[in-house]
Amino acid sequence: MRIEIGDYGARARQVIREDPQVREAVTGATLAFDAKRRRSYDEIDSDAWRRWAEAVKSHALTHLDRYLAEAEARLIENGAVVHWAADAGEARQIVMELAAENGVRRVVKGKSMVTEEIDLNPALEGAGIEIFETDLGEYILQLLDEPPSHILGPAIHRTLEQVRELFAERLETPPDGNPDTLARAARKVLRDAFLSAEMGITGGNFLVAETGTVALIENEGNIRLTTSLPRIHVAIVGIEKLLPRMSDLAGFLQLTSRAATGQPIGCFVSLIQGPAARPGDDGPKEVHVVLVDNGRTDVLAHEHAWEALRCVRCGACLNVCPVYRQTGGHAYGWVYSGPIGSVLDPGLLGLREAMPLPFASSLCGACFDACPVRIPIPELLLEWRREAQEEGLTPWRERAALTTLAQMATRPGLYRLAGRIGSRLGGSALGRALPMLGDWARERALPKPSERSFRELWREGIE
Amino acid sequence: MKVTLFVTCLADHYFAQAAADSVRLLRRLGCEVHFPEAQSCCGQPAWNAGRNREARRMAEHTARVLADAEAVVVPSGSCAAMLKKSYPKLAVAGDGSLAELAAHTWELGEFIVHRLGVTELGNGLAGRRVAIHQGCHALRELRLETEPELLLRGAGAEIVPWEAQDECCGFGGLFAVKMGAVSAAMADRKLDTLPAVDWVVSGDGGCILQLDGRARMRRARIPFVHLATALWEGVSSLAASPEREN
């Protein structure tokens, strides 16, 4: 996916002004997701679960070398082939070579953010390979030629009406088709693809070091088919997805499902333990696991940002985020959007590339309360902001304004004088010409200063 | 009890009456209120922008000005959270003054409920239908989830549930000007879900500036009231009717 983060502000404004359906669709969907998440958290001692999950993930991340080696050894014992990809280019090349060696013409895919991250689809299509996204939301987006806008519900920015029109045009469903009719039409196309594809490509929610198990959670059954029908299964997994033990997985499957959709557990959980053991057994003949770094070890080395690697891609922070809700994910300009994107993207892409995302937050803190692995997102946003200031990546006007504020605030006489002038300026035409007030006034009426400041009232005596 | 008011720069200039009502309310509840005039801005704009050096200068200034205070009361959840939660993170090694200040700083409603132990404020707001806007920093940094409601109920008001009560108004300091369109859309979500009420009460002036500014731009007239003013109105209306005095 092309990186277009720099235009966040303009894109956000554009989608809010020109495509109000997006705001409506995203707000409705995320509020519904979030309400389910809250109910589901209330059913358990969610604080205790979240603290446990935080500890397990932090442990795994701080012992990543050990668990990666263990996972590789177990995967190989299970008969899987392990590939290491330092960056997106290597990851693409591994998959391309596998496809070429095996004469792959058709690929079915399960929903996977990491394949978006490494731009896999365009590369495969460039080689003349036909790709079928088999998650219903992803399938809709493939027909629309759009990237996902949400980690979990990739097409939540689209309304039912829009999907109806799309399917009527492309799949010849009736113009008033209900969701069942639409899903059936997609299923018909996808069933044929499952049966004819030579390769299935998925991500991985977790990789268990102890057993070499790739775990996948889903609700549609398409991942089960993607990982079992084609001759070759390729799982592309970020190195941060490791869990030490199988018993950890038991907890994470439940907590991730609760955080993501409010379910006690996803409808389908696939535990991939290597290829079919004997001829005639179900399952793929070959299983390949591609372990992707692509900036993750840089994030891990960062004093603060490493905590963002605990992310299990549940989307809970997106669902609860009032900023995300106004625009959906596309405005953010890259694969990972919302609160987690704003702290992860600077680590994965470099801060300069990810500006201004650390500032795309009102620091309301709702994301931290929702996060199943307690990533301190507001604190990390502040940390990136500090680095942006140190590296001079923020507008000079803003830096000057804050330095001036500090100068005045530490000199009482000057502060009082500035307060008086500021209050008079506030409602005037001159005030509107000032940069900050002018920006404020574009969206809101100017604030009305008090006729007399509090300190004037205090001096006169408050009765 | 001796109390020092940290009025906040915003309340000083934009919510002077609410700040004065904080003084009146605290006095009525038996406090002796002090106001060191050298106080200014707590430094939150700089802190939130990632400019720690400037934020630290303002924090140290504030700590010097409030050094003799026994209890500091702030009529803003956001600025109170700055003093209580962020100041200790700004302290240079060996300087305990910021942590010390943090330890005896209170948001106004928090102080009344938890330090003074008061939640019964008479029945002066009886018949008043009120929606509460929970400021994010009071709610999620200070975890003051029920205090405004307790106090407003304690003054006789009827609390009307608001779907978006706990959601951010979109202010976020510089965020409001840097990401203006998103910030305004956030305010719209609050305004679009607001039930019919007599007052919308918040303990944070910043949130009121944002919501009121957006409402006025939309040509809507919504009665936003600061928590201090709401409570003082409840308490003082009681005192004005002698038959209720006891």
Side-chain angles (χ1 to χ4, degrees), chain A residues 8-9 12-13 16-17 23 27 322-323 325-327 356 358-366 368-369 382-389 394 398-399 402-403 405-406 408-410 412 415 419 422-423 436 439-440 442-458 462-463, chain B residues 7 9 11-17 19-20 23-24 35 37-41 43 45-55 57-58 60-61 136-137 139-141 166-168 170-187 189 209-210 212-217:
Chain A
Y8 168 80
R13 176 175 295 119
I16 289 167
R17 298 246 165 99
R23 177 168 176 262
T27 298
V323 173
R325 237 175 239 161
Q326 310 312 323
T327 65
F359 292 87
S361 166
S362 62
L363 300 175
C364 86
F368 173 71
D369 287 355
L382 279 177
E383 196 51 47
W384 287 123
R385 290 180 186 189
R386 277 170 212 135
E387 285 186 28
Q389 296 287 3
T394 54
E398 195 180 295
R399 275 179 278 158
L402 291 167
T403 308
L405 174 66
M408 292 193 308
T410 48
Y415 174 80
S423 295
M436 299 281 184
D439 289 340
W440 172 274
R442 212 175 302 145
E443 306 283 353
R444 312 160 194 85
L446 280 172
K448 292 183 196 146
S450 302
E451 276 172 33
R452 318 262 284 286
S453 72
F454 171 77
R455 60 190 69 228
E456 287 173 275
L457 298 179
W458 176 265
I462 292 166
E463 295 301 321
Chain B
V7 68
C9 55
D12 190 4
H13 298 295
Y14 289 95
F15 296 92
Q17 275 310 329
V23 173
R24 297 183 181 107
F35 177 70
E37 291 200 36
Q39 61 180 269
S40 57
C41 168
W47 165 260
N48 279 355
R51 296 198 72 78
N52 280 26
R53 198 180 327 152
E54 284 85 353
R57 280 182 58 195
M58 289 187 261
E60 286 169 353
H61 173 79
C136 295
H137 294 157
L139 183 63
R140 280 178 283 267
E141 282 200 61
D166 294 351
E167 288 177 30
C168 178
F171 180 56
L174 268 184
F175 173 80
V177 288
K178 279 177 85 94
M179 308 295 174
V182 180
S183 162
M186 290 161 74
R189 151 93 184 142
L209 277 193
Q210 156 85 351
D212 177 59
R214 186 64 183 172
R216 283 192 288 124
M217 178 160 249

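Every chain is numbered from 1 and lettered A, B, ... according to where its sequence line falls, protein lines coming before strand lines.
- Among B:Gly172, B:Cys136, B:Ala16, the residue making the largest number of heavy-atom pairs under 4.5 Å with chain A is B:Ala16.
- Heavy atoms of B:Val23 lying under 4.5 Å from chain A belong exclusively to its side chain.
- Comparing A:Leu402, A:Leu363, A:Ile16 by how many heavy-atom pairs each has under 4.5 Å with chain B, the most go to A:Leu402.
- If you tally non-hydrogen atom pairs under 4.5 Å between each of B:Glu60, B:Gln210, B:Gln17, B:His137 and chain A, the highest count goes to B:Gln210.
- Using a 4.5 Å cut-off between heavy atoms, B:Met186 contacts chain A through both its backbone and its side chain.
- Interface remark: of the candidates A:Thr394, A:Thr327, A:Thr403, A:Thr403 forms the most heavy-atom pairs closer than 4.5 Å to chain B.
- Contacts of B:His13 with chain A are made by both backbone and side-chain atoms, with heavy-atom separations under 4.5 Å.
- Neither the backbone nor the side chain of B:Asp166 comes within less than 4.5 Å of any heavy atom of chain A.
- No other option in A:Tyr8, A:Tyr415, A:Phe454 has as many heavy-atom pairs under 4.5 Å with chain B as A:Phe454.
- No part of B:Leu139 comes within reach of chain A, as not one of its non-hydrogen atoms sits under 4.5 angstrom from that chain.
- Applying the side-chain hydrogen bond (donor to acceptor under 3.5 Å, both in side chains) criterion to A:Arg455, with sequence neighbours excluded, gives B:Asp12.
- Taking chain B as the reference chain and counting heavy-atom pairs below 4.5 Å, the highest number among A:Glu387, A:Arg452, A:Glu463, A:Arg442 is found for A:Glu463.
- Across B:Ala46, B:Ala20, B:Ala184, the residue that shares the most heavy-atom pairs under 4.5 angstrom with chain A is B:Ala20.
- Proximity to chain A (any heavy atom under 4.5 Å) is shown, for B:Glu37, by both the backbone and the side chain.
- Remark: the backbone N or O of A:Ala409 is not paired with any side-chain donor or acceptor of B:Arg57 at under 3.5 angstrom.
- Using a 4.5 Å cut-off between heavy atoms, B:Arg53 makes no contact with chain A at all.
- For A:Gln389 (side chain) and B:Ala49 (main-chain N/O), a donor-acceptor pair under 3.5 Å exists by modelled atom type.
- Judged by distance alone, with hydrogens and angles left aside, the side-chain atoms of B:Arg189 form no donor-acceptor pair with the main-chain N or O of A:Thr27 at under 3.5 Å.
- With hydrogens and angles disregarded, no donor-acceptor distance shorter than 3.5 Å links the side chain of B:Arg140 to the backbone of A:Phe368.
- The most heavy-atom pairs under 4.5 Å with chain B, out of A:Met408, A:Arg325, A:Glu451, A:Arg399, come from A:Arg399.
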